[in-house]
Peer 1: 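One structure, pasted below without further comment.
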Amino acid sequence: MEDYRTIRGTATGEYEEKKSRFIAQLSFADSEEKAVAFLEQVRAVNRTARHNVYAYRLREGNRERYSDDGEPAKTAGTPALEVLQHSGLTDLVVVITRYFGGVLLGTGGLVRAYTTATARALEAAEVVTVRSVVELEVTVDYSLYERAALLIQAAGAKIADPQFTDRVTLRWQMPEGTEPPLLEQLRELTRGGAQVSVSQPFYAPF
C-alpha cells in the first residue's frame, strides 16, 4: 500500500452570506461506518438546521459519496466533494450545516458558500501523511540513556515516554526501511549489547 495524505482529528470552517451560516466540520474517517457516524453526530447536534450537506472520500475502494440534503442539485454536496478531490487528501468526511438566513442565495451563491466553507475547514486542518511504520524498543543502562535517546531523535523518529526501572526502556516509531543506520549506531553505542525489537510494519500518520 502506498503512502497517502489525510487529516488528523477534526477541523471547522465557517462562511456567512445574507445571514445564512454555513459551518463545515471535517473529520478523519477511514471507513464508511466512521464517515456515517460523524455525519449522524453532526446532525444530532444541529437538529434545527435547514440542511446538513455531506461529502466523503475513502481510500478503501476509492469510494466517494455526497448528498445535497435538500439543496438544489449540484449546488452543495458536489462542490464540497470537488474541494476534497482538489486537496489530494483521502479518508475524510465533511459535513456542512446550513442555518438559513431567510434570503435565497441562488445556485451561484450556494456553490460559493459550500465551496468556501469546506475550503476553510481544510485550511484549519492538520494534514498528515500515513505511511508504513515500524515500532522499535530497546533497553539500555542509565549511563547510555541520554546518548541513545539523542541518536533516536536525530534519526527523525517519534519517541514515546521512556520507562524507568533498573534500566531504561526506549520505544519509538519510524518509517519502515529507515531503521538500519540507527540500529547500527545503537549497536556501536552499546558495544553490541543492544537487543532492539522491531514490530511488523503497520500504517500510521507520520
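Values reported hereafter were calculated over all heavy atoms of this structure, with side chains retained and with hydrogens, waters and symmetry mates removed. Predicted model, so just to flag it, every value in this text is computed and none were measured.
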Peer 1: Taking CD in E60 as the centre, count heavy atoms belonging to other residues, nucleotides or ligands within less than 6.0 Å. Is the count above 12?
Peer 2: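 No - once you tally the heavy atoms of other residues, nucleotides and ligands closer than 6.0 Å, there are 12 at most.
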Peer 1: With no hydrogens and no angle check, just 3.5 Å: does a side-chain donor-acceptor pair link Y66 and E64?
Peer 2: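 The answer is no; no qualifying pair exists.
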Peer 1: Could you tell me whether the side chain of T165 reaches within less than 4.5 Å of the side chain of Q163, counting heavy atoms only?
Peer 2: no
Peer 1: Same cluster or not: are V134 and L186 linked, directly or through other Ile, Leu, Val, Met, Phe, Trp or Tyr residues, by side-chain heavy atoms under 4.5 angstrom apart?
Peer 2: yes
Peer 1: Output the distance between atom CD (Q25) and atom OG1 (T12), rounded to the nearest 0.5 Å.
Peer 2: 5.0 Å
Peer 1: Begin from the C-alpha positions of N52 and T97 and carry the test side chain to side chain donor-acceptor pair (under 3.5 Å) through to its verdict.
Peer 2: CA-CA 4 Å; N52 284 292; T97 302; 2.7 Å; yes
Peer 1: Can you find a side-chain donor-acceptor pair between T169 and T139 that sits under 3.5 Å?
Peer 2: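 Yes, T139 and T169 have a side-chain donor paired with an acceptor closer than 3.5 Å.
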Peer 1: Answer whether the closest heavy-atom distance between the side chains of V93 and L39 falls below 4.5 Å.
Peer 2: no
Peer 1: Quick one: does Y54's side chain get under 4.5 Å of V95's, heavy atoms only?
Peer 2: yes
Peer 1: Going by an N to O cut-off under 4.0 Å, is there a salt bridge joining E14 and R120?
Peer 2: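 A salt bridge is absent here (no side-chain N lies under 4.0 Å from a carboxylate O).
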Peer 1: Using modelled atom types and a 3.5 Å cut-off, is there a donor and acceptor pairing between side-chain atoms of R171 and backbone atoms of A160?
Peer 2: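 Looks like no, no N/O pair under 3.5 Å.
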Peer 1: For the pair F202 and E176, evaluate side-chain contact (heavy atoms from CB on, under 4.5 Å) and give the outcome as yes or no after the intermediate values.
Peer 2: CA-CA 9 Å; F202 59 96; E176 181 191 7; over 6 Å; no
Peer 1: Which pair of heavy atoms, one from A76 and one from D68, lies closest together, and at what distance?
Peer 2: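 Shortest heavy-atom separation between A76 and D68 comes out as N-OD1, 3.4 Å.
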Peer 1: Quick one: do E17 and R112 make a salt bridge, cutoff under 4.0 Å?
Peer 2: yes
Peer 1: Is any side-chain heavy atom of L136 closer than 4.5 Å to one of M174?
Peer 2: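 Sidechains of L136 and M174: in contact.
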Peer 1: Can you tell me if E71 uses its side chain to pair, donor with acceptor, with the backbone of D69 under 3.5 Å?
Peer 2: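 The answer is no, because no donor-acceptor pair under 3.5 Å joins these two groups.
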Peer 1: Begin from the C-alpha positions of Y99 and T48 and carry the test side-chain contact (heavy atoms from CB on, under 4.5 Å) through to its verdict.
Peer 2: CA-CA 8 Å; Y99 283 95; T48 59; 3.6 Å; yes
Peer 1: Find out whether the Lys NZ or Arg CZ of R59 is both under 6.0 angstrom from the six-membered ring centre of Y4 and within 45° of the ring's axis.
Peer 2: yes
Peer 1: side-chain contact (heavy atoms from CB on, under 4.5 Å) between I159 and Q153: does it pass, once the steps are laid out?
Peer 2: CA-CA 7 Å; I159 192 162; Q153 284 164 348; 4.1 Å; yes
Peer 1: Looking at G101, is its backbone amide N or carbonyl O close enough to the side chain of S20 to form a donor-acceptor pair, meaning the two atoms are under 3.5 Å apart?
Peer 2: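 It does hold such a pair.
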Peer 1: Which atom names give the shortest non-hydrogen contact between A148 and L170, and what distance separates them?
Peer 2: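 Closest heavy-atom pair between A148 and L170: CB-CD1, 3.8 Å.
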Peer 1: Flag the pair Y114 / F22 as yes when their ring centroid distance falls below 6.0 Å, and as no otherwise.
Peer 2: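 Aromatic pair counts; centres sit under 6.0 Å.
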Peer 1: A side-chain contact here means heavy atoms from C-beta on lying under 4.5 Å apart; do R65 and R63 qualify?
Peer 2: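 Yes - at least one pair of side-chain heavy atoms lies under 4.5 Å apart.
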Peer 1: Counting N and O atoms only, with roles assigned by atom type, does the side chain of T116 sit under 3.5 Å from a partner on the main chain of A113, one being a donor and the other an acceptor?
Peer 2: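 Judged by distance alone, no pair lies under 3.5 Å.
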Peer 1: Are the side chains of T10 and L26 in contact, using a 4.5 Å heavy-atom criterion?
Peer 2: no
Peer 1: Please report the C-alpha distance between E126 and V128 in whole Å, then the side-chain angles of each, then the deciding distance to 0.1 Å, and finally whether the side-chain contact (heavy atoms from CB on, under 4.5 Å) criterion is met.
Peer 2: CA-CA 6 Å; E126 182 189 352; V128 292; 4.1 Å; yes
Peer 1: Which atom pair, heavy atoms only, marks the closest approach of Y142 to D166?
Peer 2: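 Taking Y142 first and D166 second, the nearest heavy atoms are CE1-O, 3.4 Å.
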Peer 1: Judged by atom type as modelled, is there a donor-acceptor pair below 3.5 Å linking the side chain of T6 to the main-chain atoms of D91?
Peer 2: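 Checking the backbone N and O of D91 against the side chain of T6, a donor-acceptor pair under 3.5 Å is found.
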Peer 1: Spell out, yes or no, whether I23 and Y15 are grouped together once hydrophobic residues are joined by side-chain heavy atoms under 4.5 Å, including indirect joins.
Peer 2: no
Peer 1: Provide the closest heavy-atom pair for A155 versus L182 in the form atom of the first, atom of the second, distance.
Peer 2: CB-CD2, 4.1 Å
Peer 1: Within the structure provided, determine whether F38 and Y56 are in side-chain contact (heavy-atom separation under 4.5 Å).
Peer 2: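 A side-chain contact is absent here, since even the closest heavy-atom pair is not under 4.5 Å.
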Peer 1: Heavy atoms only: give me the nearest P205-R8 pair and the separation to one decimal.
Peer 2: CB-NH1, 4.1 Å
Peer 1: Under 6.0 Å from the CD atom of Q85, do we count more than 12 heavy atoms belonging to anything else shown?
Peer 2: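 It does: Q85 CD has more than 12 such atoms within range.
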Peer 1: Any idea which heavy atoms bring V53 and G77 closest together, and the distance?
Peer 2: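 That closest heavy-atom pairing would be CG1-N, 3.5 Å.
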Peer 1: Quick one: are L89 and V127 in side-chain contact, heavy atoms under 4.5 Å?
Peer 2: yes
